[in-house]
Asks: 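I have a structure here, written as structure tokens, and I will follow up with some questions on it.
Here the structure is a predicted model, which means the values were calculated and not measured. Numbered from 1 within each chain, the chains take letters A, B, ... in sequence-line order.
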Amino acid sequence: MFADIQEGVRQKFRQAIHDLFSLQVDAPTLGFPPSPEMGEISITSCFDLAKQLRQPPRKIAGQVVDRLLPLAGVERATIAGPGYINLHLDRAAVAADVFLRRSSRRQPRPLDAVKVLVEHTSINPNKAAHIGHLRNAVLGDTLARLLRFRGWPVEVQNYIDNTGVQVADVVVGFMALEKKTVQDLRHLIADQSGERFDYVCWDLYARVSQHYGDHPEEAALRLATLKALEDGEGEAAEMATLISTTITRSHIATAERLNVRYDLLVQESEILRLEFWKSAFELMKKSQAIRLEDSGKNSGCWVMDLQEQVPDADEGANGEDVKVIVRSNGTVTYVGKDIAYHLWKFALLGKDFGYERFHRYPDGAELWRTAVHGEPNAPAFGHGGHAYAVIDTRQSYLQDVVRRAFLALGYAEQAANLRHFAYEVVGLSPRCAKDLGVGLGEEDRSYVEVSGRKGVGIKADDLIDTLFVRALEEVRSRDTVSGEEEQVACARQIAVGALRYFLLKYTRRTLIAFDFKDALAFEGETGPYLQYSVVRARNIFRKFREAHPGYISAALPEADLHQYLAAGHGQPFWDLVLLASQLEMAVEQAISTEEPAALAKYCFRLAQAFNNFYHHHRILQEPDPARQNFLLFLTHTVAETLTQALDLLGIQVPDRM
RNA sequence: GCGCCUGUAGCUCAGUUGGAUAGAGCGGCAGACUUCGAAUCUGUAGGUCGGGGGUUCGAAUCCCUCCAGGCGCGCCA
């Protein structure tokens, strides 16, 4: 609602400026007056126009104001200070609309037929997932939810590098260090009594990394193993498939605990077997995006120029800026494969994968993965119009190489629709590292890097388990939730809520120094606080229905809304309605700035406002039935808004807590 | 050396893309439970927005320059 009014204001303003001064201007950026009594939307554009029009801003504002109305949802417009235009909304209309919107939970109208692809998680399938991977998964999953809410068709992909060195290292670990055969491995995986397979690999991977460090002469074995995986032949390849598939399943399970799902697993093995690179290579050669270097240190390599194609570039020959795409031995580098994958995302490769079913979610939704020979009636994957890649900020350089490759190939439009959703990594707080027995290395650093290679990190499932136990203690310490099963279900939701909110409340560029004290907090700006707010609202309705069986929240007459939301006594109520009406705006902002934290903050503000309201009004004791009805209307509106907003963060609300 | 990111209250972080009086959580202090359960709420203390210039009617936000951190820059992935 609020977002629609904003859009209306923008258009009307442009029209007004056009009519008054025959001037085409950009849509004005809208702000908020400093105090709610001054209105809900402010326009500051008259200041910008002052110079151009040679008129004082206040005078311009005076002329514009008359032409802004009538406008749906806006009651009146005023001029303030040296030239601000403030709009006062039609409170009753806004309240009625928000109530309706939140009650019906109607599907958003489709924005476009173009599909948006979101690639996230993409963990190397050679060890258990850790806290850093969770940030990626939760950010990506939330982004996907936001886009769907906005009306985009979304496809979530998870890239599985099942033929890379990380898997190869674990294969070497089992074969060379542990002297295990494929059969041994099968038994180890099937044996439920021992340690989890992904945890075994976690330790083994660290050991292998250490081993290579101590024995540089083993590098040949490493390369040979990698080659075997790429060719898909021999026992090593068989082991790799076993390892990567098993571990991918555990990653999927871990993600599912956090309400994170995927539509498709894209495996590197198929990129190799189906020769995706070959097609990409041809394209790049044909369009001269890459060239064969015949001298210098990169002699024999196919390289891509990274220098900007601007004529006035400095003549400085200080080291040519190129990136090797194909090595002198003819093999393709990591970016090369990534370029091929991204070309496929936009259906620019002229090739497609086969697909097979991999996993079925409890509600019947299916997760597919790529295959050389797929099932005949597989859905159509790929063919995206936009593609987000959720990858940590350290890979910005390589993501930029992919983008430049698109430009060099002449795909400017697709390059613009290729979004690297970059985020900072998760580190460990010094205290946390100390608890894990990890040395701080250098003296006083504010965080310690997570490293799969060194086995340093908090395993995702351990963290979720710890949160669950803490939540269960908390649930049991109150007697609001009865029954073992309910308590467990409640504790699960709280654990997930705490973790997802913790990972989402920081903006992307903020490095999270993980600390149990913060992550396990259930008070203040936390997931459980948000969940609790909704539970409080639900408790009111539960209790109310005891005296009024079958009560359903219903819309209120405009006259009542008008009365209760009026300036003065109604201001606090209106503030709450207004905030609830801004959900769509918050989502829009979260998408356009690629900042899910914006929605997390919005949820918190709404919960805070509601808790304040809750504290000031004893709704069930309200003697005036009409007023009580209004308070229930308000409670319902806010609780539903918060529930939907939390759903976008992937956070569910327990029945009681 | 080059490139990108960051610096806001004791701590951890927001700050609606340049607007009106810089906010929140935690921690500190002082208060509020007769069940719509306090996983809550209220009040209070606390800030030269890293420093210095500049642009502008107006700057935490844009530009320049220092200072201090972080991350990238492989024929690794």
Asks: If I take atom CD1 in residue A:I290 and atom P in nucleotide B:rC75, what distance separates them, rounded to the nearest angstrom?
Replies: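 The answer, rounded to whole Å, is 15 Å.
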Asks: Is A:K543 paired with A:E546 through a side-chain N to carboxylate O contact shorter than 4.0 Å?
Replies: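 A salt bridge is absent here (no side-chain N lies under 4.0 Å from a carboxylate O).
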Asks: Quick test of your reading of the model: are A:D305 and A:R291 salt-bridged, counting only N-O distances below 4.0 Å?
Replies: yes
Asks: Would you call A:E268 and A:K337 a salt bridge, using N to O less than 4.0 angstrom?
Replies: yes
Asks: Between the base of B:rC4 and the side chain of A:S396, is there a donor-acceptor distance below 3.5 Å?
Replies: no
Asks: What does A:Y397 touch in the nucleic acid at a heavy-atom separation under 4.0 angstrom: a base, only the sugar-phosphate, or nothing?
Replies: sugar-phosphate
Asks: Within the 4.0 Å heavy-atom criterion, would you say A:L511 contacts the bases, only the backbone, or no part of the nucleic acid?
Replies: sugar-phosphate
Asks: Would you compute the distance between atom CZ of A:F421 and atom CG of A:N136 and round it to the nearest 0.5 angstrom?
Replies: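 Result: 9.0 Å between the selected atoms.
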Asks: Could you go over nucleotides 23-30 of chain B and give all protein N or O partners under 3.5 Å, atom names and distances?
Replies:
| residue | atom | partner | partner atom | Å |
| --- | --- | --- | --- | --- |
| B:rA24 | O3' | A:Q608 | NE2 | 3.2 |
| B:rG25 | OP1 | A:Q608 | NE2 | 3.3 |
| B:rG25 | O2' | A:E525 | N | 3.4 |

Asks: Just to confirm, is there a sub-4.0 Å distance from OP1 or OP2 of B:rA38 to any side-chain nitrogen or oxygen of A:Y614?
Replies: yes
Asks: Does A:Q531 reach a base, just sugar-phosphate, or nothing at all? Heavy atoms under 4.0 Å.
Replies: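 No contact at all - A:Q531 keeps every heavy atom at 4.0 Å or more from the nucleic acid.
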Asks: Return the nearest nucleotide to the side chain of A:N86; candidates are B:rA77, B:rA20, B:rA32.
Replies: B:rA20
Asks: How would you label the contact of A:S42 with the nucleic acid (heavy atoms, under 4.0 Å): base, sugar-phosphate, or nothing?
Replies: base
Asks: Could you check whether A:V167 gets within reach of a base, just the sugar-phosphate, or nothing at all, counting any heavy atom under 4.0 Å?
Replies: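 Nothing, no heavy atom under 4.0 Å.
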Asks: Which part of the nucleic acid, if any, lies within reach of A:R394 when heavy atoms closer than 4.0 Å are counted: base, sugar-phosphate only, or nothing?
Replies: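 Since only primed, P, OP1 and OP2 atoms lie under 4.0 Å of A:R394, the category is sugar-phosphate.
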Asks: Go through B:rA20, B:rU40, B:rC75 for me and flag the one nearest to the A:H615 side chain.
Replies: B:rU40
Asks: Of all the choices, B:rA39, B:rG58, B:rA32, which nucleotide is nearest to the side chain of A:D48 once you look at every atom?
Replies: B:rG58
Asks: Between A:D392 and A:R394 (salt bridge meaning N to carboxylate O under 4.0 Å), is one present in this structure?
Replies: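 Salt bridge between A:D392 and A:R394, a charged N being under 4.0 Å from a carboxylate O: yes.
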Asks: Does the side chain of A:Y532 get closer than 4.0 angstrom to OP1 or OP2 of B:rA39 through an N or O atom?
Replies: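 It does, given that an N or O in the side chain of A:Y532 lies less than 4.0 Å from OP1 or OP2 of B:rA39.
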Asks: With side-chain contact (heavy atoms from CB on, under 4.5 Å) as the criterion, how do A:S299 and A:E293 come out once you've worked through the C-alpha distance, each side chain's angles and the decisive distance to 0.1 Å?
Replies: CA-CA 5 Å; A:S299 181; A:E293 202 90 282; 5.6 Å; no
Asks: Both distances under 3.5 Å, Watson-Crick or G-U wobble: on that basis, could you give the dot-bracket string for RNA chain B, with [ ] for crossing pairs and | for other-strand partners?
Replies: (((((((..((((.....[...)))).(((((.......))))).....(((((..]....))))))))))))....
Asks: Could you please name the option among B:rU16, B:rC71, B:rC13 that lies closest to any side-chain atom of A:Y506?
Replies: B:rC13
Asks: Give a yes/no on whether any side-chain N or O of A:R509 is located under 4.0 angstrom from OP1 or OP2 of B:rC71.
Replies: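 Looking at the OP1 and OP2 atoms of B:rC71, neither is under 4.0 Å from any side-chain N or O of A:R509.
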Asks: Do we see A:Y529 stacking on the base of B:rA39, given a limit of 5.5 Å between centres and 30° between planes?
Replies: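 Here the ring of A:Y529 and the base of B:rA39 are not stacked, as the 5.5 Å and 30° limits are not both satisfied.
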Asks: Please tell me which of the listed nucleotides, B:rC13, B:rG37, B:rA39, lies nearest to the side chain of A:R478?
Replies: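 For A:R478, the side-chain atoms sit closest to B:rA39.
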Asks: Quick one: label A:Q589 by what it contacts on the DNA or RNA (base, sugar-phosphate, nothing), any heavy atom closer than 4.0 Å.
Replies: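 The answer is sugar-phosphate, as A:Q589 gets under 4.0 Å only of primed atoms, P, OP1 or OP2.
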Asks: Does a side-chain N-to-carboxylate-O contact under 4.0 Å join A:R656 and A:E486?
Replies: no
Asks: Closest nucleotide of RNA chain B for A:M38 versus for A:L30: which of these residues is on the 5' side?
Replies: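 With A:M38 and A:L30 compared, the 5'-side residue is A:L30.
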Asks: Which nucleotide wins on minimum distance to the side chain of A:F47, given the candidates B:rG19, B:rA39, B:rC75?
Replies: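 The answer is B:rG19, which lies nearest to the side chain.
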Asks: Please report the distance, rounded to the nearest Å, between CG in A:N298 and P in B:rG74.
Replies: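 For the pair A:N298 CG and B:rG74 P, the rounded distance is 10 Å.
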Asks: Counting just side-chain N and O atoms, does A:R327 come under 4.0 Å of either OP1 or OP2 of B:rC76?
Replies: yes
Asks: Would you mind telling me which of B:rU12, B:rA20, B:rU40 lies closest to the side-chain atoms of A:N611?
Replies: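 The nucleotide sitting nearest to the side chain is B:rU40.
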Asks: At under 4.0 Å between heavy atoms, what does A:T510 touch on the DNA or RNA strands: base, sugar-phosphate, or nothing?
Replies: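 Since only primed, P, OP1 and OP2 atoms lie under 4.0 Å of A:T510, the category is sugar-phosphate.
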Asks: Can you list the steps and then say if A:S122 with A:I160 is a side-chain contact (heavy atoms from CB on, under 4.5 Å)?
Replies: CA-CA 6 Å; A:S122 306; A:I160 311 293; over 6 Å; no
Asks: Any carboxylate oxygen within less than 4.0 angstrom of a Lys/Arg side-chain nitrogen, looking at A:R627 and A:E622?
Replies: yes
Asks: Ion pair present between A:E474 and A:R478, side-chain N to carboxylate O less than 4.0 angstrom?
Replies: yes
Asks: Does B:rC71 have OP1 or OP2 under 4.0 Å away from a side-chain N or O of A:Y447?
Replies: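 So the side chain of A:Y447 is within the cut-off, an N or O lying under 4.0 Å from OP1 or OP2 of B:rC71.
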Asks: Less than 4.0 angstrom between a side-chain N/O of A:N612 and OP1 or OP2 of B:rU40, yes or no?
Replies: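 For A:N612, the contact criterion (side-chain N or O under 4.0 Å from OP1 or OP2 of B:rU40) is not met.
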Asks: Is there any salt bridge (Lys or Arg N to Asp or Glu O under 4.0 Å) pair reaching into residues 603-621 of chain A, and which pairs are they, with sequence neighbours excluded?
Replies: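 Residue pairs with at least one partner in residues 603-621 of chain A: there are none.
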Asks: Mind calculating the distance between NZ (A:K323) and C1' (B:rG74) to the nearest angstrom?
Replies: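 A:K323 atom NZ is separated from B:rG74 atom C1' by 6 Å.
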Asks: What integer number of Å spans the P atoms of B:rG10 and B:rU17?
Replies: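 Those two atoms are separated by 28 Å.
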Asks: Could you pick out which residue, A:C490 or A:T44, lies toward the 5' side of RNA chain B when each is mapped onto its nearest nucleotide?
Replies: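 The residue whose closest nucleotide sits nearer the 5' end is A:T44.
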Asks: Between A:Y532 and A:F522, does the ring pair (Phe, Tyr, Trp, His ring centres under 6.0 Å) criterion hold? Intermediate values first, please.
Replies: CA-CA 10 Å; A:Y532 183 64; A:F522 292 164; over 10 Å; no
Asks: Is B:rU17 syn or is it anti, if syn means the base angle is within 90 degrees of 0?
Replies: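 Here the answer is syn: the torsion falls within 90° of 0.
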Asks: Looking at the side chain of A:P34, which of B:rU16, B:rA20, B:rA77 is the nearest nucleotide?
Replies: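 Given the options B:rU16, B:rA20, B:rA77, the side chain of A:P34 is closest to B:rA20.
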